[in-house]
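Letters A, B, ... mirror the listed sequences (proteins, then strands); counts begin at 1.
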4 protein chains.
Amino acid sequence: MLKKGEQTKEHILICAEKAFSRKGYYESQVSDISKLAQIAKGTIYQYFRNKESLYISLIEKYVVEWENKVALNLNDFMGQGISQDYARAYLRHRIAKTMAFFAENQDRANIILRMSSGLNDVIEHVVRIFEDSVMKAIVDDIKIGQQFGHISSSLNIDFAGNVILGGVLRISYFYFVLKKQNYNIHDMDSLTDEMVKVIENTLNMYQPEKN
Amino acid sequence: MLKKGEQTKEHILICAEKAFSRKGYYESQVSDISKLAQIAKGTIYQYFRNKESLYISLIEKYVVEWENKVALNLNDFMGQGISQDYARAYLRHRIAKTMAFFAENQDRANIILRMSSGLNDVIEHVVRIFEDSVMKAIVDDIKIGQQFGHISSSLNIDFAGNVILGGVLRISYFYFVLKKQNYNIHDMDSLTDEMVKVIENTLNMYQPEKN
Amino acid sequence: MLKKGEQTKEHILICAEKAFSRKGYYESQVSDISKLAQIAKGTIYQYFRNKESLYISLIEKYVVEWENKVALNLNDFMGQGISQDYARAYLRHRIAKTMAFFAENQDRANIILRMSSGLNDVIEHVVRIFEDSVMKAIVDDIKIGQQFGHISSSLNIDFAGNVILGGVLRISYFYFVLKKQNYNIHDMDSLTDEMVKVIENTLNMYQPEKN
Amino acid sequence: MLKKGEQTKEHILICAEKAFSRKGYYESQVSDISKLAQIAKGTIYQYFRNKESLYISLIEKYVVEWENKVALNLNDFMGQGISQDYARAYLRHRIAKTMAFFAENQDRANIILRMSSGLNDVIEHVVRIFEDSVMKAIVDDIKIGQQFGHISSSLNIDFAGNVILGGVLRISYFYFVLKKQNYNIHDMDSLTDEMVKVIENTLNMYQPEKN
DNA sequence: CATGAATGAGTTTTCATTCAT
DNA sequence: TATGAATGAAAACTCATTCAT
């Protein structure tokens with residue numbers, strides 16, 4: 001059981017989560033949080049140096065929570081049947097836990113996943129337009145592929161489309177924004193080839209009805 | 001050729017792009033943009049109703065630019081050899097153009113892809129910690145898979161890792177934040193199965209050294 | 001003639017002088033100044049980084065003003081009679097100008113001379129009690145000296161008392177607070193001797209009715 | 001021996017003295033004092049109505065302490081030799097005790113003598129610039145006087161300069177800020193004359209090497 | 001069209017003070 | 001008495017937006 005101070009701090013974090021989830025970092029005001037928490041503004045500053053540090057505490061909490069949820073002793077999966085089976089079980093565990101991590105807490109998911117978090121509603125909407133355009137192109141392409149028989153008509157289009165969109169945007173982000181890897185023009189070609197391969201696999205192209 | 005007014009408006013958009021790229025929407029001030037553009041603050045308001053509408057104009061421009069870049073008449077790819085070939089060529093075209101779209105304009109990529117756009121440096125850094133944690137887990141798992149021989153040792157780990165991260169985050173975002181699709185608990189299982197399948201394909205698991 | 005911007009800045013400085021003069025630095029609020037100046041609070045921040053820098057600007061202006069007032073070419077006093085005469089004239093000029101500097105601008109004098117400037121009225125009053133106690137002791141001593149005939153009965157008691165109080169406090173401040181000079185216990189004795197000598201001179205003790 | 005309550009009150013006063021000495025009234029926070037005293041903030045309010053009253057108590061304590069230190073029965077000095085001698089001894093006693101009063105307690109001296117007490121470091125520094133400017137002018141003048149032979153070259157410049165500065169500032173303060181005395185323009189002249197006379201005495205001008 | 005000084009509503013943040021334990 | 005968590009009024013400061021020139 002937490003003592004008074006710890007309780008209040010926890011309470012503030014939970015209310016801050018609600019506030020940031022609804023309106024993002026910049027559009028949320030400290031007074032919103034204090035109202036949600038039904039405490040005085042000053043009380044928040046007893047526990048957090050400022051608004052920024054409150055937000056940071058929240059994210060840091062998420063990192064710990066995710067690690068606790070996902071982590072599992074590798075040994076638990078070993079020594080049980082053939083290695084391929086437990087490798088798949090292990091992978092499944094990771095994926096299931098990560099998705100559950102987002103599914104079980106709406107506010108947390110909003111904060112972590114809202115890709116252009118912190119923008120106000122009007123802007124958020126326009127930012128979505130871009131993603132929707134790209135998504136629409138992907139979906140249309142899949143449908144054409146299905147008409148031509150390259151892609152199984154039983155494919156879950158939404159699912160496949162989002163995996164592809166996520167992959168392309170993330171790859172672009174990694175190589176062109178973060179630029180942790182230097183790449184040259186030639187790499188662009190092989191990057192594209194790799195991406196095409198992944199997408200073909202995802203779509204099971206050219207192998208319709210194979211399973 | 002653009003007239004004076006159009007020129008100034010275009011100039012403002014380019015400078016706004018620089019500013020928003022560096023500091024995101026909220027941390028960029030109208031005065032930053034006017035300084036970059038070497039014009040008076042008031043002039044910006046001659047062309048844009050307010051800061052928000054300036055940002056929106058930018059994103060809307062991006063949608064058009066991307067569509068122009070990516071769009072291509074399907075006919076161009078048809079009537080040339082077997083349909084499988086032009087389907088692949090078409091997919092390749094889409095991917096190549098989209099990645100080039102990001103690669104060729106750093107500021108644009110920053111604005112569209114910076115997944116927690118608009119947050120200040122300190123916060124941005126902590127948000128990255130979360131993604132880095134997830135990424136690290138994926139990379140570690142891939143390495144273990146390679147040690148056990150389930151995954152080809154020639155796999156580009158950064159590439160595969162980012163595709164997977166992008167896919168998982170986007171799927172979570174789509175189903176748990178946007179929630180355009182209702183899902184029930186049973187769906188969570190099949191969602192996970194689908195995701196596992198995609199990842200196995202991406203990693204070419206169980207078929208190491210096959211190619 | 002000053003242009004618009006310079007005029008406003010000057011106007012703010014003058015109003016800040018009034019405000020600081022009345023209530024000191026801490027008790028004066030930026031909104032007090034803006035009200036006095038009949039401008040918006042924000043306007044003040046167009047010209048001064050913050051309240052502190054506004055106060056500093058004021059003091060820096062005073063330094064320049066005093067220097068301009070007091071400074072005089074030494075040559076102006078030379079070549080006119082014997083050197084003792086122009087030395088006295090020069091000294092007189094310095095003193096007269098410095099005192100006029102304070103006498104001619106009430107607010108400026110308040111800000112520079114209010115020895116415990118910035119304290120609120122209640123506290124200011126108590127701080128005065130200390131000075132008044134010391135002053136009273138000095139005045140009483142002078143009166144006793146007059147009764148005993150050591151001190152001329154025509155002495156301006158207020159004047160002499162304040163000179164002595166100012167001297168003693170300043171010497172204490174210089175040696176015991178600023179401590180630019182190291183001193184040892186022995187110095188205390190000679191310091192006292194020096195001080196006694198100055199006071200005796202000021203009081204013309206032992207030489208009553210001599211002039 | 002003090003009882004518990006009295007002890008605590010005394011302890012708080014001593015810690016408040018430290019705090020106010022370091023940062024002045026406004027920049028010192030009640031929490032600073034409670035931390036120094038290693039007691040809870042609330043405890044301070046058991047003994048003092050508020051921060052202001054704590055400060056006032058301190059100053060009032062100083063008045064008593066100074067009076068105790070300086071006061072001495074006039075009779076002690078009488079009946080012992082000629083009156084001139086004990087008059088001088090008496091004056092010496094007053095001066096010595098007052099200076100010791102400041103020298104023996106650094107914090108007390110800081111609080112009472114810091115002439116612009118309560119201002120923060122940055123501002124304090126600029127306020128010093130004014131005093132330094134005036135002091136520099138005085139010192140320079142004294143040096144010129146020494147070159148011309150009006151002033152003894154053995155004069156302690158720092159001492160004389162500070163006595164003069166203290167005297168001039170105090171006189172200005174008394175007549176132009178406190179204005180307990182009305183004065184008219186003609187008085188300015190005689191005020192100046194008096195001041196010049198005092199300074200000449202202090203500097204022993206025109207009588208170099210006379211002693 | 002262009003300017004940039006002026007605006008003031010809106011935010012964050014501080015800190016002396018209170019009061020239930 | 002002593003505590004320290006909670007308070008909230010009050011202050012500094014910001015910055016998008018306006019408008020007279």
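- When only modelled atom types and interatomic distance are considered, A/Y25 and A/E52 share no side-chain donor-acceptor pair under 3.5 Å.
- A salt bridge does not link A/K9 with A/E6: none of the charged nitrogens is closer than 4.0 Å to a carboxylate oxygen.
- Nucleic acid contact class of A/F48 (heavy atoms, under 4.0 Å, all strands): none.
- Side-chain to base pairing of D/Q46 with F/dA2: one donor and one acceptor N or O lie within less than 3.5 Å of each other.
- Between F/dA2 and D/Y47, a contact under 4.0 Å exists linking OP1 or OP2 to a side-chain N or O.
- Using modelled atom types, one finds a donor on one side chain and an acceptor on the other under 3.5 Å when comparing B/Y62 with B/E17.
- Two residues, B/K51 and A/K41, neighbour DNA chain F, and the one matched to the more 5' nucleotide by heavy-atom proximity is A/K41.
- Residue-level contact check: D/S28 touches the backbone only, with heavy atoms under 4.0 Å from sugar-phosphate atoms and none from bases.
- Applying the 4.0 Å criterion to OP1 and OP2 of E/dA5, one finds that C/T8 has every side-chain N and O outside that range.
- Taking atom C1' on both F/dT21 and E/dC1, the two are 13 Å apart, rounded to the nearest angstrom.
- Each of A/N50 and C/G5 was matched to the nucleotide of DNA chain E holding its nearest heavy atom; the match closer to the 5' end belongs to C/G5.
- With sequence neighbours excluded, the residues that form a side-chain contact (heavy atoms from CB on, under 4.5 Å) with C/K61 are C/E10, C/L13, C/E65.
- Using a 4.0 Å heavy-atom distance criterion, B/S34 is classed as making no nucleic acid contact.
- When the nearest nucleotides of DNA chain F are assigned to B/V30 and A/A40 by heavy-atom distance, the more 5′-ward of the two goes with A/A40.
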